[in-house]
Undergrad: 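Structure incoming, see below.
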Amino acid sequence: MMNQTILVNEIGYRPEDPKRAVYRGESDAEFSVVECAGGKEVFRGKADFARECKAAGETDRVLAFDDVKAEGEYYIQLGEEKSVPFTIKENVYGDALQSLLKFFYLQRCGQELPEQYAGVYAHPACHSEKARIYGTDEFIDVTGGWHDAGDFGRYIVPAAVTIADLFLAMEQSPELKELNFDVPVDDAKLGALLSEIKYEIDWMLKMQDPKTGEVYHKVSCAGFCDFFMPEEEKDELVVSPTSYTSTLDFAASLAMAVKFYAPFDKEYADLLANASKKAFDAAMKMEVKGFHNPEGIVTGEYGDEGLEDELYWASAELYRAFGDMKYREIFDEMAYTHISHGYGWEDVFSFGNIAYLSSEYPVDERLKGIITGAIDAKADYLMTICRSNGYNVSFNEKSFIWGSNMYLIQNASHLFTAYSFTKKEEYLEAAKEHMHYIFGKNPCNTCFVTGFGTNRVMHPHHRPSAAKKEPMPGMVIGGPDSGLHDPTAEEHLQGKPAAKCYIDELLSFSTNEITLYWNSAMILLMTQLLAK
Ligand code: G3I
Ligand code: 9MR
Ligand code: ZN
């Protein structure tokens, strides 16, 4: 089914949203929108002009059917070709959002997950032993938190950007704090999401060296284990050395957390604030260098050579949270020198921009204008790419790197941010097309959120899914990577157009894995696009 010629958001559309399918066939016949039940044609239209899409190696035309608004199940037909069925209804994305949120609970480490909530992925507590501080005979308790991805490592840098996305999502849609998503809520007064994030933060706090305030980069076994359930990984846990990036990302993300927990637990919020400030001060004394795996440790590195952005983010975030001019002076100087964008684990400038623009403490108004101008300029650039292809998405041949779906999702969030102060409708519409891309309207003809759509991902690179031979639902897949960064991709994807360098195979970790921060990016985008 992965090579259909009519591509749609395989979950569906909200009644008032623009509705565009992509047609990559040759016929110039009219197309119809047909009710699944009974086969009644409810709309007829024509494909628009042909667009060459080099990134996908195809010629695409757009099928617009905005006028179809009545709630129901439909498919599109053009000649002999049919799309998969899709739904039109107001809360069409509700199940997907809840599943994307439940994923964090299902990634919990150090706790038994009962069958009542975890179904086939239920397991006894895992990784409950103390971990060796690398190169010493000292062992510390770093239990808890969420497994990072398809592996069982727990890493501070991705953890920080994950909770940052979720905090921004709750700022965008405060009702997210009240949403239930079929998980046990540890602290009812917090609500499900803040309670779930606290499980991650409580682990992060254990990763801060109480003496120096520096933050250990990760805890994992020395290498990646086989494809079994987490409690079966019995090798010694090792806490890797502290790093500049983990210490600053820790400081920034905990500074964000303070305002969310303060209304419920002042003491806990103060603890977060002190940990954040202590980490920031510690980072100011650290050597500015990226993390590299120490000898004998070969799990995920999250190494990073661009090191401005972490200080850029942390200084803005701590200024927003605490108002001390020492933070703003650092940010102002950096921003006047160089403004950039990025929300990924490697590039966190955008978190800094948003923190500065959202600050209630006084900021440099001229700088604020420069930042919003830079955001709009980047959005304008992204639109030049969107307009060039039938998917109306900001991808070109160079876009398909490891975790490309996240970068496309974050481009959409960038477009939404720019829309929020420019009100340029084209930005909002293109941002929605990126969501449609993830849910199936893409050159791979795949719904990139497990458990949803018709053309589903069945073999994600995710150890519990592999162990149970059942893809865990609600996980955003990394997507095409034209760098062919794993042996399976190298074997099967040679010569494919960049946008089609994806394979639904367990061992293709560079195209078919899942991570905390791919889910959190999607949750942020969905709350931005679905806000009332
Ligand atoms: O940013 C550059 C880009 O400028 C350049 O054009 C492109 C060329 O290929 O490379 C880009 O860098 C890539 C980077 O991802 C983009 O974020 C690197 O090549 C690529 O090696 C790097 O891959 C990372 C991967 O770990 C290997 O380090 C992924 O981002 C990251 O998501 C992934 O994270 C892993 C953890 O280590 C372990 N847990 C699973 C998790 C997901 O796969
Ligand atoms: O499963 C690991 C995945 O989480 C990482 O993203 C990936 C790259 O670091 O490595 C995967 O582990 C593979 C290892 O790198 C090489 N041997 C096979 C492992 C399982 O695919
Ligand atoms: Zn675990």
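Remember, it's 1-based here, ligands and their atoms both numbered in the order they're listed. All values below were derived from every heavy atom in this structure, side-chain atoms included, with hydrogens, water molecules and symmetry-related copies excluded. All residue numbers refer to positions in the sequence shown, counting from 1.
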Undergrad: Less than 4.5 Å apart, any side-chain heavy atom of L382 and any of Y427?
TA: no
Undergrad: Which single N/O/S atom of H127 lies at minimum distance from the Zn ion (ligand 3)?
TA: ND1
Undergrad: On the 0 to 90° scale, with breaks at 30° and 60°, tag the F331-Y356 ring pair as parallel, tilted or perpendicular.
TA: parallel
Undergrad: Side chains of T417 and Q528, heavy atoms from C-beta outward: is any pair under 4.5 Å?
TA: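 They are in side-chain contact.
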Undergrad: Give a yes or no on whether atom 17 (N) of ligand 2 lies under 4.0 Å from any heavy atom of the protein.
TA: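 No.
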Undergrad: Heavy atom to atom 2 (C) of ligand 2, shortest distance: which of H462, E301, H147, H461 holds it?
TA: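 Selected option, by shortest heavy-atom distance: H461.
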Undergrad: What are the atoms of ligand 2, with element, lying closer than 4.0 Å to any heavy atom of F227?
TA: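 Per the distance check, 20 (C), 21 (O).
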Undergrad: Taking the six-membered ring of Y268, is the NZ or CZ of K198 close enough (under 6.0 Å from the centre) and on axis enough (within 45°)?
TA: yes
Undergrad: Taking C-beta and beyond as the side chain, do I140 and I133 meet within less than 4.5 Å on heavy atoms?
TA: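 Heavy-atom side-chain distance check passes, below 4.5 Å.
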Undergrad: At what distance is the nearest protein heavy atom to atom 2 (C) of ligand 1, and which residue and atom is it?
TA: I401 CD1, 4.7 Å
Undergrad: Of all the N, O or S atoms in H147, which has the shortest distance to the Zn ion (ligand 3)?
TA: NE2
Undergrad: Any atoms of ligand 2 less than 4.0 Å from a non-hydrogen atom of W402? List them with their elements.
TA: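 Reading through ligand 2 atom by atom, the close ones are 6 (O), 8 (C).
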Undergrad: For R132 and E236, run salt bridge (charged side-chain N to carboxylate O under 4.0 Å, His left out): C-alpha distance rounded to whole Å, both residues' side-chain angles, the deciding distance at 0.1 Å, then the answer.
TA: CA-CA 8 Å; R132 178 191 297 274; E236 181 179 84; 2.9 Å; yes
Undergrad: Of all heavy-atom pairs between Y199 and C109, which one has the smallest distance, and what is that distance?
TA: OH-O, 2.5 Å
Undergrad: Output yes when the distance from some N or O of ligand 1 to some N or O of Y407 is under 3.5 Å, and no in every other case.
TA: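 Checking ligand 1 against Y407, an N or O pair does fall under 3.5 Å apart.
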Undergrad: Considering only the protein, which heavy-atom contact is closest to atom 13 (C) of ligand 2, and what is its distance?
TA: F509 CE2, 3.9 Å
Undergrad: So which protein heavy atom does atom 32 (O) of ligand 1 come closest to, and at what separation?
TA: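 Nearest protein contact, heavy atoms only, for atom 32 (O) of ligand 1 is Y517 OH, 2.7 Å.
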Undergrad: Is atom 34 (O) of ligand 1 near the protein, in the sense that some protein heavy atom lies at less than 4.0 Å from it?
TA: yes
Undergrad: Among all protein heavy atoms, pick out the one at the shortest distance from atom 9 (O) of ligand 1; state its residue, atom name and that distance to 0.1 Å.
TA: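 Nearest protein contact, heavy atoms only, for atom 9 (O) of ligand 1 is H485 CE1, 3.9 Å.
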Undergrad: Please state which protein non-hydrogen atom is closest to atom 3 (C) of ligand 2 and give its distance, to 0.1 Å?
TA: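 Nearest neighbour among protein heavy atoms for atom 3 (C) of ligand 2, to 0.1 Å: E513 OE1, 3.3 Å.
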Undergrad: Would you check whether R463 has a nitrogen or oxygen atom less than 3.5 angstrom from a nitrogen or oxygen atom of ligand 2?
TA: yes
Undergrad: Hey, are R456 and E10 close enough for a salt bridge, meaning a charged N less than 4.0 Å from a carboxylate O?
TA: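 Judged by the 4.0 Å cut-off on N to carboxylate O distance, R456 and E10 do not form a salt bridge.
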Undergrad: Would you mind checking if D141 and K206 are paired as a salt bridge, meaning a charged N to carboxylate O distance below 4.0 Å?
TA: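 Yes, charged N to carboxylate O under 4.0 Å.
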Undergrad: Hey, are the side chains of E470 and Y121 touching, using non-hydrogen atoms and a 4.5 Å cut-off?
TA: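 Yes, at least one pair of side-chain atoms sits under 4.5 Å.
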Undergrad: At the 4.0 Å heavy-atom cut-off, does F152 count as touching ligand 2?
TA: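 It does not; every heavy atom stays at 4.0 Å or beyond.
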Undergrad: At under 4.0 Å between heavy atoms, is it the side chain or the backbone of E346 that contacts ligand 1, or both, or neither?
TA: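 The answer is the side chain.
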Undergrad: Nearest protein heavy-atom contact for atom 43 (O) of ligand 1: which residue, which atom, what distance?
TA: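 I find the closest protein heavy atom is E513 OE1, 2.8 Å.
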Undergrad: When you measure from atom 42 (C) of ligand 1 to every protein heavy atom, which one gives the shortest distance, and what is it?
TA: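 The answer is T515 CG2, 3.4 Å.
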Undergrad: Measure the distance from atom 12 (O) of ligand 2 to every protein heavy atom, then report the residue, atom name and distance (to 0.1 Å) of the closest one.
TA: F224 CD1, 3.4 Å
Undergrad: Using a distance threshold of 4.0 Å (strictly less than), state whether atom 7 (C) of ligand 2 has a protein heavy-atom neighbour.
TA: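 Given the 4.0 Å cut-off, atom 7 (C) of ligand 2 counts as touching protein heavy atoms.
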Undergrad: E433 vs K441, test: salt bridge (charged side-chain N to carboxylate O under 4.0 Å, His left out). Steps then yes/no.
TA: CA-CA 8 Å; E433 293 295 355; K441 196 177 83 167; 2.6 Å; yes
Undergrad: Looking at ligand 1, does any of its N/O atoms fall within less than 3.5 Å of an N/O of W402?
TA: yes
Undergrad: Tell me the protein heavy atom at minimum distance from atom 37 (O) of ligand 1, and give that distance in Å.
TA: G300 CA, 3.2 Å
Undergrad: Please walk me through it: do K500 and E58 pass salt bridge (charged side-chain N to carboxylate O under 4.0 Å, His left out)?
TA: CA-CA 11 Å; K500 293 176 179 171; E58 57 188 41; 3.0 Å; yes
Undergrad: Does the protein put any heavy atom within less than 4.0 Å of atom 40 (C) of ligand 1?
TA: yes
Undergrad: Atom 18 (C) of ligand 1: protein heavy atom closer than 4.0 Å?
TA: no
Undergrad: In terms of residue, atom name and distance, what is the protein heavy atom nearest to atom 30 (O) of ligand 1?
TA: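 Checking every protein heavy atom, the shortest distance to atom 30 (O) of ligand 1 gives W345 NE1, 3.0 Å.
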Undergrad: Tell me, do Y117 and Y105 make a side-chain contact under 4.5 Å, heavy atoms counted?
TA: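 Side chain of Y117 against side chain of Y105, heavy atoms only: contact under 4.5 Å found.
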Undergrad: How about atom 13 (C) of ligand 1: does it have a protein heavy atom within less than 4.0 Å?
TA: no
Undergrad: Is the number of heavy atoms from other residues, nucleotides or ligands under 6.0 Å of K102 NZ greater than 12?
TA: yes
Undergrad: Would a distance-only check, ignoring hydrogens and angles, find a side-chain to backbone donor-acceptor pair under 3.5 Å from K218 to G300?
TA: yes
Undergrad: Looking at Y302, which atoms of ligand 1 are within less than 4.0 Å of one of its heavy atoms?
TA: 34 (O), 35 (C), 36 (C), 41 (C)
Undergrad: Looking at atom 28 (O) of ligand 1, would you say a protein heavy atom lies below 4.0 Å from it?
TA: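 Under the 4.0 Å cut-off, atom 28 (O) of ligand 1 has no protein heavy-atom neighbours at all.
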Undergrad: Just to confirm my numbers, could you give the angle made at the Zn ion (ligand 3) by SG of C126 and SG of C109, rounded to 10°?
TA: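 So the angle at the metal works out to 110°.
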Undergrad: Would E196 and R108 count as a salt bridge (charged side-chain N to carboxylate O under 4.0 Å, His left out) here? Give the steps.
TA: CA-CA 9 Å; E196 189 56 44; R108 279 193 180 195; 2.9 Å; yes
Undergrad: Any heavy-atom pair between the side chains of Y517 and D148 that's under 4.5 Å?
TA: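 Counting from C-beta outward, D148 and Y517 do come under 4.5 Å.
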